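Since we're looking at a predicted model, the values are computed, not measured.
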Amino acid sequence: MGLLQKLIISIVPRRWAQAMEAESRAWRMRCPCGHEVSIWEIGGIRYKAVGNPRRLYRCPHCGLTWHTLYKRSAESGPS
């Protein structure tokens, strides 16, 4: 768990913290090469957010590239 995650989770009520973690795990960041990771796994929080922004991030396979953020739907299941 990242420093930002620890700080926010310690401040908010437990129910909110659980909701933030669940939603952050549903948000994924995908590299053009196909590698993807959840926002929670990289130490981030994305809660009550909308849209599919792009972020500059270092991919372990191809280096620094633009990644697309998207929310995985419950129907698609784990990937």
Pair Trp40-Ile45, side chain to side chain contact (heavy atoms under 4.5 Å, CB included): steps then yes or no
CA-CA 6 Å; Trp40 187 261; Ile45 294 176; 4.0 Å; yes
Are [Y] and [X] connected in a single hydrophobic cluster, I mean Ile/Leu/Val/Met/Phe/Trp/Tyr linked by side-chain heavy atoms less than 4.5 Å apart?
{"X": "Ile39", "Y": "Val37", "value": "yes"}
{"X": "Ile11", "Y": "Ile9", "value": "no"}
{"X": "Ile8", "Y": "Tyr47", "value": "yes"}
{"X": "Leu4", "Y": "Trp16", "value": "yes"}

Write down the atom of Asn52, the atom of Thr68, and the distance for their closest heavy-atom approach.
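Distance-wise, the nearest heavy atoms are O-CG2, 4.4 Å.
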Looking at every heavy atom in both Trp27 and Gly51, which two are closest together, and how far apart are they?
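Shortest heavy-atom separation between Trp27 and Gly51 comes out as CH2-O, 3.2 Å.
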Identified salt bridge (Lys or Arg N to Asp or Glu O under 4.0 Å) partner of Glu23 from the options Lys71, Lys48, Arg28
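Result for salt bridge (Lys or Arg N to Asp or Glu O under 4.0 Å) with Glu23: Lys71.
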Donor-acceptor under 3.5 Å (Arg46 side chain, Val50 main chain):
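Yes: the side chain of Arg46 pairs with the backbone of Val50.
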Kindly write out the residues that satisfy side-chain hydrogen bond (donor to acceptor under 3.5 Å, both in side chains) with Glu21, not counting sequence neighbours, or none if the list is empty.
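Scan of Glu21 (side-chain hydrogen bond (donor to acceptor under 3.5 Å, both in side chains), adjacent residues dropped) gives Arg25.
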Sequence-distant partners of Arg55, side-chain hydrogen bond (donor to acceptor under 3.5 Å, both in side chains), two or more places apart:
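Per chain and number, Arg55 pairs via side-chain hydrogen bond (donor to acceptor under 3.5 Å, both in side chains) with no residue.
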Looking at CD1 of Ile42 and CD of Gln5, how far apart are the two atoms once the value is rounded to the nearest 0.5 Å?
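Between Ile42 CD1 and Gln5 CD, I get 9.0 Å after rounding to 0.5 Å.
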How many angstroms lie between SG in Cys33 and NE2 in His67, if you round to the nearest 0.5 Å?
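Interatomic distance, Cys33 SG to His67 NE2, rounded to 0.5 Å: 6.5 Å.
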